[in-house]
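What follows is a short report on a single structure.
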2 protein chains.
Amino acid sequence: MPAIPYRERVLRLREDSIVQAVNRLLVTKGYDLMTVDEVAAEAGMAKASLYKHFTSKEELAAAAMIRVLDRAIAHVALLHAQAPQATARCQLEAVVRWTLKVQLEGEMPSLPAENSRLTASLRANREYMNRLIELSESLGAWIAAAQADGGLDAGLPPELVLYTLYARACDPVLAMMKASGQHPDEQIVEWLVSTTFSGIGRPAVGGAKPTTRAGSTAKAKVVAG
Amino acid sequence: MPAIPYRERVLRLREDSIVQAVNRLLVTKGYDLMTVDEVAAEAGMAKASLYKHFTSKEELAAAAMIRVLDRAIAHVALLHAQAPQATARCQLEAVVRWTLKVQLEGEMPSLPAENSRLTASLRANREYMNRLIELSESLGAWIAAAQADGGLDAGLPPELVLYTLYARACDPVLAMMKASGQHPDEQIVEWLVSTTFSGIGRPAVGGAKPTTRAGSTAKAKVVAG
DNA sequence: GTCTATACCCGGATAGAC
DNA sequence: GTCTATCCGGGTATAGAC
């Protein structure tokens, strides 16, 4: 039952390499500075061939962004399955840690910012918006639970928490710290998880934190390295 | 002693209106999407006239960014003068509050992270870099003091704290919250100051904080200034 | 479906009259 | 110094052969 014939499969592979090229360029240059010529060169084909698969530059970028959301949704599902008993706060920390790792590996395009014509076209893209809503609802459930059980500050609007999580996924601080080259990657990630949940202020003393302070155990180990 | 003749003064006024137009466009569209034609239209003159004052689009943007840094440096100096006895942490909170307020008023261009050709040219601009270093040294002194007296988490590298302050000045979360229109501006600002210094985690109970929790007392006074 | 070559437009920068 | 008109590179998208 070769429901997916050979031709179809090589086509999918080719499109996948295109999307990966787009993702790399979105990360390094951003949408506006990314040119279709570069995408074609990176994907190893002529520009006109790209337009046989995707009808416009916007659609090209949308495919890459959708892929990012799919990865995030899959990871959230994985966390649900792996540790169903974990606290909501702990799950959210894991999500942030994962997004930072993806960003460290150079695979997380920075989407927000009001500008960049990409955002406008993404809002009109149903496939993208449906996934964004799905992801937001999953995270929203954890946020509500964590605010109810004291894992997160219940005085903050849930939307503010959600936006903060999205913003930290593309936080430029990580790139700046990595550029300095003074610290190992894992250490940087744990610091950013820590500042996201506990801020830059004095760390709480005497078990005021609902869970282990982010990076407490991992930190000591990594600092030595 | 009219060391500044009349001609010179109208020239300065004209250039100042240009820089303001650039700043507005940098905020709304960002450097790459901002066109020189738009700047000319906004400033109320022909495009060619712009090039009599500034030799390139990059220089145009640099002038606006330098102006932003000058405002920040001036505000830091003001804080020094107004409250020389305040704790370093309190001063840093005031700085963040000010940057958020400027962003709220639509006058804070988002310093793009790695991408955007603007950053490359800014790094090569001495006037910009000198001011950036000056500002960073002022903030760095407060950061060191706050980490020494327990106002800030001493386990974080000072550079991480500094980068975080810069990043929060352009935090997209503020724009998202404002766009929702559900909350008053002052409330949004205080929430963001709070998440910057204390994170989104459970607020400390029973005076674990070194200063008043962001947004309680310091708010009224400093926001007015 | 992939290529080469090209149409077309937009935006930065300039020429030259006043 | 300000204007109108123009140049010209570069970027998206397409035509048409194979």
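Numbered from 1 within each chain, the chains take letters A, B, ... in sequence-line order.
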*How do A/Ala48 and B/Arg117 order along DNA chain D: which one's closest nucleotide is nearer the 5' end?*
B/Arg117
*Round to the nearest Å and state the distance from B/Arg12 atom CZ to D/dG1 atom P.*
11 Å
*Once you round it to whole Å, what is the distance between C1' of C/dG11 and NZ of B/Lys29?*
12 Å
*Once you round it to whole Å, what is the distance between P of D/dC7 and NZ of B/Lys47?*
14 Å
_If the threshold is 4.0 Å, N to carboxylate O, is there a salt bridge linking B/Glu190 and B/Arg97?_
yes
_A/His183-B/Glu159 side chain donor-acceptor pair, cut-off 3.5 Å_ = yes
*Any side-chain heavy atom of A/Trp142 sitting closer than 4.5 Å to one from A/Leu79?*
yes
*asked:* Rounded to whole Å, please give me the gap between OH in B/Tyr51 and P in D/dG1.
replied: 18 Å
*Nearest-0.5 Å distance that lies between atom CZ in B/Arg89 and atom CG in B/Leu92*: 9.0 Å
*Rounded to the nearest Å, what distance is computed from the CD atom of residue B/Glu38 to the P atom of nucleotide C/dG11?*
8 Å
_A/Leu165 side chain near A/Val95 side chain, heavy-atom distance below 4.5 Å_ = no
*How would you label the contact of A/Lys57 with the nucleic acid (heavy atoms, under 4.0 Å): base, sugar-phosphate, or nothing?*
sugar-phosphate
*Nearest to the side chain of A/Asp37 - C/dG11, D/dT12, D/dT2?*
D/dT12
*asked:* From CG of B/Leu50 over to C1' of D/dG1, roughly how many Å is that when rounded to an integer?
replied: 12 Å
*Which part of the nucleic acid, if any, lies within reach of A/Ser49 when heavy atoms closer than 4.0 Å are counted: base, sugar-phosphate only, or nothing?*
base
*asked:* So, OP1 or OP2 of C/dG1: does either fall under 4.0 Å of a side-chain N or O from A/Arg14?
replied: no
*Quick one: A/Leu33 CG to C/dG12 P, roughly how many Å, whole number?*
13 Å
*Among the nucleotides D/dG1, C/dA15, C/dG12, which one has an atom lying closest to any side-chain atom of B/Thr35?*
C/dG12
*Take atom CG of B/Leu25 and atom C1' of C/dG12, then tell me their distance rounded to the nearest Å.*
15 Å
*Consider the side chain of B/Ala46, meaning its heavy atoms from C-beta on, and name the nucleotide among C/dG12, C/dT2, D/dT4 that approaches it most closely.*
D/dT4
*Look up atom CE in B/Met176 and atom CG in A/Leu162, then write down how far apart they are to the nearest 0.5 Å.*
9.0 Å
*Roughly how bent is the helix from C/dG1-D/dC18 to C/dC18-D/dG1 end to end, in steps of 10 degrees, with each end axis from five pairs?*
20°
_Check this for me, if you would: do B/Arg168 and A/Asp171 make a salt bridge, where the nitrogen-to-carboxylate-oxygen distance has to be below 4.0 angstrom?_
yes
